[in-house]
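Structure first, commentary second.
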There are 2 protein chains.
Amino acid sequence: MTSAKSSGPGAPKVRLSRDIVLEKALQLVDSEGLDALTMRRLGQQLGRDPMSLYRYAENRAALLDGVSELVLNQLKVHPEDPDWKAQLREIAHDLRTLALRHPNVVPLLVTRPLSTPLGLRPLGTLRPLEQILSLLVAAGFEPADALHVYRAYYGFLYGHILNELQEYVVDPEENEALLRLGLHRLPAREFPRLRALGPALSDYDGAAELDQGLTILLSGLEAQLSRQVARRGA
Amino acid sequence: MTSAKSSGPGAPKVRLSRDIVLEKALQLVDSEGLDALTMRRLGQQLGRDPMSLYRYAENRAALLDGVSELVLNQLKVHPEDPDWKAQLREIAHDLRTLALRHPNVVPLLVTRPLSTPLGLRPLGTLRPLEQILSLLVAAGFEPADALHVYRAYYGFLYGHILNELQEYVVDPEENEALLRLGLHRLPAREFPRLRALGPALSDYDGAAELDQGLTILLSGLEAQLSRQVARRGA
DNA sequence: GGGTAAAGTCTACACCGTAGACAGGCGGTG
DNA sequence: CACCGCCTGTCTACGGTGTAGACTTTACCC
């Protein structure tokens, strides 16, 4: 147990590495939020000069990309699963729990790709896409159709995650209080429905809600698939 | 044409107002991106000292909220439409075009609510929610069910918008070039599907894709509705 | 041991959000 | 008219940010 801790001046010996840097960056984001991830702050956590970080990431944006990648790498996809619907369901739930475990990273997941053309993104963030395409093609979709299915699926999934995180507050008791407090602030005349939904808003089963949506979506997509197979056969 | 333009020192006379400030802020974001919206930059655009902005927004975050609200206020919902599915479809397409018109604002739309409890958000951003709830209740959903439907719908919608914006590049010619360039960069062994999809990726009809997804989702939701009505009747 | 490339540090710059004290002009009231 | 008070806008200043560029130190190979 002599490893270099955050601020102990005793042992600044271990050589840094990209993985060490990104790991600490993720810890920092998880515990204090995205804004806390500054070069100076991170350098301090690592017991190093802030400028040393630039050996492992070109700039702060690249660091953020690295953190996204680190999280997304934890998502395991099994492209050879014969039951593609079950597999998609499983992936969805995995990504959801991943998002709940790293809520502060979600804005990155959702925002960074908007400013990076597909081909230039970190490979780790593209891997799930590739693997899901494989899964769908193995299930009988034409590649182009697989892309459409992927888009519908991933769109829905990210949408759900954003939705759920919007309503998520750490302490459920404070949640209720805050919620009522907030709702009470709304003009009664203009927001009757919302105000009335206070109780319904506060007990939210994200996993169930995700699963219902998936059922609707996947059965719809399956219908589409069988239609296409039929047409191809004719 | 003697109105005060951006940098003319001639006529710094017009009194500022929250609307004027937010409008210029939106212009700045649209033309130069979110990062360009700094207090100093915006002050300069308005020919005023940066500090004057604090009379119209508590801080930069509040300014960002104001910009979100300004955009979302352009979304018109008709809660009394008897055809709820058609109305939801229309809203979806409206929001999509709004997003394409202000792509730089989308990260705000998607990100700001994550750090603001529902009750404390700008009223303008809550109005669509309230109105869609009305629409659904009028269509026969129980309030609590209306909330579920809303979540599935809005989740899907935001997901689609994020998806589409990720693949959107301004100049379609450069798009193709960039895309191929980017794809070429991917290791062939690990990303065969993705590399093969180059052409399919570059012609993307967002509106059609959105519409297909909506068809699937809405028919699924409708089935749910009739099931519930039946059960209630029994 | 000597040389070399990498890892880490230092200094400096331009820019950021914003607290707090202040100035100017406008309105309403006498 | 003079006066007062409030609202708008300005000024100065502080502590924080990302990062360029030159430097020093370290680790390793021959």
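The structure presented is a predicted model; accordingly, all values stated were derived computationally and were not measured. Proteins get letters first, then strands, A, B, ... in listed order; numbering begins at 1 in each.
Contact between the side-chain N/O atoms of A:Thr38 and the OP1/OP2 oxygens of D:dT17 is found at a separation under 4.0 Å. For the pair B:Tyr56 and D:dG9, the criterion of a side-chain N or O lying under 4.0 Å from OP1 or OP2 is met.
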### Query
Run the salt bridge (Lys or Arg N to Asp or Glu O under 4.0 Å) check on B:Asp94 and B:Lys76 step by step: do they pass?
CA-CA 8 Å; B:Asp94 284 354; B:Lys76 297 301 173 216; over 6 Å; no
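Rounded to an integer number of Å, the gap from CZ of B:Arg15 to C1' of C:dG27 is 10 Å. In this structure, CE of B:Met39 is placed 21 Å from P of D:dC14, rounded to the nearest angstrom. In this entry the distance linking CZ of B:Arg55 with P of D:dC6 reads 14 Å, nearest Å. Nucleotide D:dC7 holds its C1' atom 16 Å from the CE atom of B:Met51, rounded to whole Å. One can place CG of A:Asp49 at 17 Å from P of D:dG21, the figure rounded to the nearest angstrom. A:Leu63 has its CG atom 14 Å from the C1' atom of D:dT17, to the nearest Å. Atom-to-atom, CD of A:Glu58 to P of D:dG18 comes out at 16 Å; the value is rounded to the nearest Å. In this structure, B:Arg18 atom CZ and D:dC7 atom P are separated by 17 Å, rounded to whole Å.
The base of D:dG18 sits within donor-acceptor range of the side chain of A:Arg40, with an N or O pair under 3.5 Å.
At least one donor-acceptor pair closer than 3.5 Å links the side chain of B:Tyr153 to the backbone N or O of B:Ala92.
Residue B:Arg60 is in sugar-phosphate contact alone, with no base atom involved, counting any heavy-atom pair closer than 4.0 Å across all strands shown.
Here the rule is side-chain hydrogen bond (donor to acceptor under 3.5 Å, both in side chains) with A:Arg151, and of B:Glu164, B:Glu167, B:Gln166 only B:Glu167 fits it.
Between B:Leu72 and B:Arg127, the closest side-chain pair of non-hydrogen atoms is not below 4.5 Å.
Of the residues near DNA chain D, A:Tyr54 and B:Ser17, the one whose nearest nucleotide (by heavy atom distance) lies more toward the 5' end is B:Ser17.
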